[in-house]
J.: 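Pasting a structure here, questions to come.
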Amino acid sequence: MPMRKRSRVRGPEVTAEPHHRRLRRRAHKHARKGNFRKAVVALRQLAALDGRPSHWVALGDALRRARKEREAIRALHQGLFLHSRAGSDARARSVAQLILALDPTDPVAERELGRAGVCP
C-alpha cells in the first residue's frame, strides 16, 4: 500500500501578510482601477490602524477623487498636522498647497505656507 504524503498545515503566522500591507495593496488596486470609494474605505482603515501622515494624505487624495471635498480637506488637515509635528516642513508645505487647491481660503493652509515664507 503506497504511503500518502502528509500535507503540511501552515498556520496564520506563516502565510499571513501584515494587515496594514494588505490594506495598502487593496487601496492601491482600487485607486488604479478608478474605484476611489473602495480605495477610501481601505485607506480609512489604514489611517486608523497606522496613523502615518502619508496615509492621511493618501486618504485625502482618494476622497478628493471620489468628489468628497470636505472630507478630503479634513484628512489633509490631519496629514498636515502630523507632518508638521514630525518636523517634515517640506511635506507639510506640499499638503498645504493641496488643501489650498481644494479651498483657496483655508486659514490653516495659508498659515502653514505663511510660516514657511511661501506665497499661496
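Predicted model only: the values in this text are computed from it and were never measured.
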J.: With heavy-atom distances below 4.5 Å as the criterion, would you say the side chains of Phe81 and His77 are in contact?
T.: no

J.: To the nearest 0.5 Å, how far apart are CG in Asp61 and OG in Ser54?
T.: 12.5 Å

J.: Can you tell me if Arg91 has over 12 outside heavy atoms packed within less than 6.0 Å of its CZ?
T.: no

J.: Hey, are His83 and Asp89 close enough side-chain-wise for a donor-acceptor pair under 3.5 Å?
T.: no

J.: Phe36: which other cluster members, linking ILVMFWY side chains closer than 4.5 Å, directly or transitively?
T.: none

J.: Give a yes or no on whether Leu63 and Ile99 share a hydrophobic cluster (residues Ile, Leu, Val, Met, Phe, Trp, Tyr; joining criterion: side-chain heavy atoms under 4.5 Å apart).
T.: no

J.: Quick check: closest heavy atoms across Ala109 and Ala96, and the distance to 0.1 Å?
T.: CB-O, 3.5 Å

J.: What's the spacing between Arg25 CZ and Arg21 CZ if we round to 0.5 Å?
T.: 9.5 Å

J.: Same cluster or not: Leu80 versus Trp56, using hydrophobic residues (I, L, V, M, F, W, Y) connected whenever any side-chain heavy atoms lie under 4.5 Å apart?
T.: no

J.: Identify the residue among Leu100, Leu76, Leu82 that makes a side chain to side chain contact (heavy atoms under 4.5 Å, CB included) with Val95.
T.: Leu76

J.: Using side-chain heavy atoms (C-beta onward) and a distance below 4.5 Å, is Arg37 in contact with Lys68?
T.: yes

J.: Answer yes if Leu102 and Val57 sit in the same cluster of Ile, Leu, Val, Met, Phe, Trp and Tyr residues linked by side chain heavy atoms under 4.5 Å apart, and no otherwise.
T.: yes

J.: Might you point out which heavy atoms bring Gly60 and Ala72 nearest each other, and give the distance in Å?
T.: O-CB, 3.3 Å

J.: Considering residues at least two apart in sequence or located in another chain, which fulfil the side chain to side chain contact (heavy atoms under 4.5 Å, CB included) criterion with Leu49?
T.: His19, His20, Leu23

J.: Just verifying a value: how many Å separate Gln97 CD and Glu112 CD, rounded to the nearest 0.5 Å?
T.: 10.5 Å

J.: Using the side chain to side chain contact (heavy atoms under 4.5 Å, CB included) rule, pick out the option among Leu98, Asp103, Val108 that qualifies with Ile73.
T.: Asp103

J.: Can you tell me how far CG of Asp106 sits from CZ of Arg111, rounded to the nearest 0.5 angstrom?
T.: 9.0 Å

J.: Is Glu69 paired with Arg74 through a side-chain N to carboxylate O contact shorter than 4.0 Å?
T.: no

J.: How far does CG of Leu59 sit from CD of Gln45, to the nearest 0.5 angstrom?
T.: 11.0 Å

J.: Looking at side-chain heavy atoms only, is the closest gap between Val40 and Leu43 below 4.5 Å?
T.: no

J.: So does Ser84 get a backbone contact from the side chain of Ser88, meaning a donor-acceptor N/O pair under 3.5 Å?
T.: no

